[in-house]
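I have placed the structure first, in the form of structure tokens, so that the comments after it can refer back to it.
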Amino acid sequence: MDKYIIDGGEKLYGEVVAQSAKNTVLPLLAASVLTDEQVKIRGVPTIADVENMMRILTEVGCKIRRQKDCAIIDSANAVSHEIPPRLTKELRSSVFMLGSVLTRFHRAKISYPGGCDIGLRPIDLHLSGLKRLGVEIIEEGGYIECKADKLTGAEILLDFPSVGATENIILAAVKAQGITVIRNAAKEPEIADLQNFLNAMGAKVYGAGGGTIVVEGVRRLHGVDYTPIGDRIEIGTYLIATASCGGEIETSGVPAENIAALLHKLRENGCKIYTKNDKIILRSNGVLKSVDLVETMPFPGFPTDMQAQYSALCTTARGTTLVVENLFETRYKYAGELKRMGADVTVRGRTAVIRGVEKLHGARLTAGDLRGGAALVVAALKAEGRSEVIDLSHIDRGYADFEYKLKKLGAKIRRVRI
Ligand code: EPZ
């Protein structure tokens, strides 16, 4: 097991280039089984979630090789429609495989992806959408068995604009008979990226980014060489760390409109932010004023995946911030760890009241989930004195070269084996 040793108090200066977005690469990998021709995805980050998704593809019979930062997937010999249970446990987003495996094999079997570190994570919207496309679903013994001799286009209305459900339905509809219309679809940039990827394979998907997506089923999809969008959550994490510590960074690979809600809050905190194309420059003196309220919402609202990191910033902003987490049930695990650093955080259900304190002091911290772990690093970079962060397996799920990129910005952070 590894841990970070962080000596806080340094300002951050320099440049950060975004990794390809984790939450795009995962559905793109799932989509690669839709063709028996070669699929090349560029800039694939070396993170645990991606490695696990590649293991799942290998288990269903795909051949995968890494060429520098590219992943080359050959699904010609994919044979199995069963997603191995142990990997579903490891990777909740393996549920995205349902749609693409159904399109490829007209059958799919997956163990029920239980809840995870941040909440119950139901998949009722995935399953009701697939049923509308003609999928017969049997749920028993902790497994979900799907059968669809024929996938037929349908009108689908999502009760909630679920990212995963939107993606799964698109993947099941791309070769269905006829037209599928998904209303109240998720609008996240990763959905538009999946649309562009599929259309580059010969699919006919329109409207991603808006609330209604139309999929016209086609007979076959061909191979593709594709570069995904940059990881807006990764870049948002570096922007928050610099805003909190003070300094100046220039990020590239994520256009401002993909994290506009975060930039709006950081400007309210007193940061100077300039944007041009996919570049964002943020300047901060490290002495921030608080904003009154941050509520997480589906895109384009404030991203739930930025809530923990932003809350860490609020602990030393001048004033009190009310944080409301509207998407997941248990996304405040990090709060107890911040309190051990001297933060004044009170959590009641989905709401956290954060009163800014003069300073945080270093402590020995335990990461509890991916973005909560990143939040502890943000706080430790700001704190006076030395902190340790253990259980880095959570952070390794979503941040490639985290300590390396932070060190390049001037952070005093080391990764050591314990
Ligand atoms: C995706 O998860 C992301 N994961 C999450 O990022 C992100 O937090 C989330 O979208 C919201 O933006 C990937 O893309 C791999 P949802 P997903 O379905 O698809 C409810 C990270 O840190 N819901 O949009 O699972 C659910 O309970 C991860 O990178 C249902 O009720 O999110 C939640 O309240 C964490 N029924 C809300 O929708 C369903 O069938 C949002 O979930 C599905 C979801």
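Whatever order the structure lists ligands and atoms in, that order sets their numbers, starting from 1. The chain is numbered in sequence order, starting from 1. As a basis for the values below, the full set of heavy atoms in this structure was taken, side chains included, without hydrogen atoms, waters or symmetry mates.
- With a heavy-atom cut-off of 4.0 Å, K22 touches ligand 1 through its side chain alone.
- Checked for salt-bridge contact, E145 and R107 meet the test: a charged N lies under 4.0 Å from a carboxylate O.
- Ion pairing between D396 and R415 holds under the 4.0 Å rule for side-chain N and carboxylate O.
- The residues R355 and D344 are annotated as salt-bridged, a charged nitrogen and a carboxylate oxygen being separated by less than 4.0 angstrom.
- Among protein heavy atoms, atom 34 (O) of ligand 1 sits closest to L327 O, 2.4 Å.
- Taking the six-membered ring where tryptophan is involved, the planes of F402 and Y4 are tilted, since the angle between them lies from 30° to 60°.
- Using a cutoff of 4.0 Å between basic side-chain nitrogens and carboxylate oxygens, R331 and D305 are scored as salt-bridged.
- Of the protein's heavy atoms, D305 OD1, 2.6 Å lies nearest to atom 8 (O) of ligand 1.
- For ligand 1 and L370, the ligand atoms under 4.0 Å from any heavy atom of the residue are 22 (O).
- For R331, the heavy-atom gap to ligand 1 drops under 4.0 angstrom.
- With a 4.0 Å heavy-atom cut-off, ligand 1 is reached by no atom of E167.
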Worked check of salt bridge (charged side-chain N to carboxylate O under 4.0 Å, His left out) between E15 and K279: CA-CA 10 Å; E15 292 171 15; K279 295 211 181 303; over 6 Å; no
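- Checked by atom type, the side-chain pair Y143/E82 shows no donor-acceptor distance below 3.5 Å.
- Taking a 4.0 Å cut-off on heavy atoms, F299 fails to register as neighbouring ligand 1.
- The single protein non-hydrogen atom nearest to atom 11 (C) of ligand 1 is T304 CG2, 3.9 Å, given as residue, atom name and distance.
- A donor-acceptor pair shorter than 3.5 Å cannot be found between the side chains of Y238 and T251.
- The two residues D231 and K22 come nearest to each other via the heavy atoms OD2-N, 3.0 Å.
- Atoms of ligand 1 lying under 4.0 Å from any heavy atom of R371, numbered from 1 in the order shown and given with element: 21 (C), 22 (O), 29 (O).
- Using a 4.0 Å cutoff on heavy atoms, P122 counts as a contact of ligand 1.
- Given atom 32 (O) of ligand 1, the protein heavy atom at minimum distance is F328 CZ, 4.1 Å.
- If you look at S162 next to ligand 1, the close heavy atoms, those under 4.0 Å, come from the backbone and the side chain alike.
- Heavy-atom proximity to F96, at under 4.0 Å, picks out these atoms of ligand 1: 15 (C).
- Interface atoms of ligand 1 facing G164, defined by a heavy-atom separation under 4.0 Å, are 18 (O), 19 (O).
- Side-chain contact between V345 and Y332 is absent, with no heavy-atom pair separated by less than 4.5 Å.
- Looking at atom 36 (N) of ligand 1, its nearest protein heavy atom turns out to be D124 OD1, 2.7 Å.
- Using a 4.0 angstrom heavy-atom cutoff, I118 counts as in contact with ligand 1.
- Of all the atoms in ligand 1, the ones that sit under 4.0 Å from a non-hydrogen atom of N23 are 3 (C), 4 (N), 6 (O), 13 (C), 14 (O), 15 (C), 21 (C), 29 (O).
- The shortest heavy-atom contact between I64 and T58 is CD1-OG1, 4.2 Å.
- The single protein non-hydrogen atom nearest to atom 40 (O) of ligand 1 is L125 N, 2.7 Å, given as residue, atom name and distance.
- Between R66 and E51, at least one side-chain N (NZ, or NE/NH1/NH2) sits under 4.0 Å from a carboxylate O, which counts as a salt bridge.
- At the shortest separation from atom 24 (O) of ligand 1 among protein heavy atoms lies V163 N, 2.8 Å.
- Looking at A165 next to ligand 1, no N or O pair under 3.5 Å apart turns up.
- What sits closest to atom 25 (O) of ligand 1 on the protein, heavy atoms only, is R121 NH2, 3.0 Å.
- Contact atoms of ligand 1 toward I123: 39 (C), 40 (O) (distance under 4.0 Å to a heavy atom of the residue).
- Nearest heavy-atom pair across E139 and I144 is CG-CG1, 4.3 Å.
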